[in-house]
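Here the structure is laid out as structure tokens; the discussion comes afterwards.
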Amino acid sequence: MEKILVIGAAGQLGSELTKSLSVNFGSESVIATDLQESARAKFDYCHFEVLDVMNKEGLRNLVKNEKVTQIYHLAAVLSATGEKNPMFAWHLNMESLLHVLELAKEFKLDKVYWPSSIAVFGPNTPKINTPQYCVKEPNTVYGISKQAGERWCEYYFQKFNIDVRSLRYPGLIGYKSLPGGGTTDYAVDIYHKAIAGEKFDCFLKSDTSLPMMYMPDAIKATLDLMNAPRESVKIRSSYNLAAMSFTPKEIYESILPYYPKFEMEYHPDFRQAIADSWPDSIDDQCARNDWNWKPDFSLEEMTKDILENLPNYKF
Ligand code: AKB
């Protein structure tokens, strides 16, 4: 039986991925972990443990005692929060990944999943249809940690045969968790403000185009990659992944038919420079070729789904 440990399960991605893993593998196969005891209430359907990923011994004991076979390591400090405390972001993002990779080696785990991001790209990267292989030179601490992490993942695959798999997520948008300190999180917050009948103050300029993805597509991509035969997974750093690109003005316009009185103002702050350093759009042909990736949701479909479901969602 698989024993799947999810680290950072209460975050934006983890909240939804943990549920899907429980549905696919059975709840007895999933152990959700998070830093806060308060996260326990979210995981009444599977085993939950409080875990600080920086507690190497605690993590090792859990992997050993529960006979863990796979780890999804989702805990990270995101781009905007990272810029406020760069050393902490570097320390947490890098050391936690190295703990996980070392445990994968020690306990011969079947598979490891670790998310990368479009933040690995920087101002010298081609902006339109950014290719899988190109100049990166990220200029945020989050992006630097993701690029270094990608190199470590490939290193552990090549040197120690660890089956580690990864995706470069665009901005992820879901309604089942609140914004988590990312630059793309304006596109989560905007729906909450529209539904609350409040004016939205956007921290990016109206025409800033960024690659984005609705959470069901992100979950599908993650599970498809993890279920793909080992030999199909040809990229062991991280795969480019795309669904849609839009600007703050375009997402606002997608909401207006549902909330015609909704208002938005633009007050760009330090996050504008982060967004400007990232691609407008991504070429994900390798993911499409290697494991048949194809997204389902457009901006309009995402907006409709969120505005239908978020008002009744209980946090
Ligand atoms: C962020 O904005 O920091 C993240 C990301 C693009 O990885 N959502």
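Both ligands and their constituent atoms are indexed starting at 1 by order of listing.
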Margin query: With side-chain contact (heavy atoms from CB on, under 4.5 Å) as the criterion, how do Val6 and Leu17 come out once you've worked through the C-alpha distance, each side chain's angles and the decisive distance to 0.1 Å?
Written below: CA-CA 9 Å; Val6 184; Leu17 186 58; 5.8 Å; no

Next item on the list: For Glu95, check salt bridge (Lys or Arg N to Asp or Glu O under 4.0 Å) against everything at least two apart and list the hits.
Entry: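 Once residues adjacent in sequence are excluded, Glu95 has no partner under the salt bridge (Lys or Arg N to Asp or Glu O under 4.0 Å) criterion.
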
Would you tabulate the polar-atom pairs, meaning N/O of ligand 1 against N/O of the protein, with distances under 3.5 Å, reported to 0.1 Å?
| from | atom 1 | to | atom 2 | distance (Å) |
| --- | --- | --- | --- | --- |
| ligand 1 | 2 (O) | Ser79 | OG | 3.4 |
| ligand 1 | 2 (O) | Thr183 | N | 2.7 |
| ligand 1 | 2 (O) | Thr184 | N | 3.1 |
| ligand 1 | 2 (O) | Thr184 | OG1 | 3.3 |
| ligand 1 | 3 (O) | Ser79 | N | 3.1 |
| ligand 1 | 3 (O) | Ser79 | OG | 2.5 |
| ligand 1 | 7 (O) | Ser117 | OG | 2.7 |
| ligand 1 | 7 (O) | Tyr142 | OH | 2.7 |
| ligand 1 | 8 (N) | Thr184 | OG1 | 2.9 |

Check: Roughly how far, to the nearest 0.5 Å, is NZ of Lys19 from CG of Asn24?
Finding: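 These two atoms lie 12.0 Å from each other.
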
Check: Going by heavy atoms in the side chains, are Leu241 and Met213 under 4.5 Å from each other?
Finding: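 The answer is yes, as the side chains (C-beta and beyond) meet within the 4.5 Å cut-off.
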
Notebook entry, point to check: Any salt bridge between Arg236 and Asp163, counting N to O under 4.0 Å?
Noted result: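 A salt bridge links Arg236 with Asp163.
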
Margin query: Are more than 12 heavy atoms, taken from residues, nucleotides or ligands other than Lys56, located less than 6.0 Å from that residue's NZ atom?
Written below: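 No, NZ of Lys56 has 12 or fewer neighbouring heavy atoms, counting only those of other groups under 6.0 Å.
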
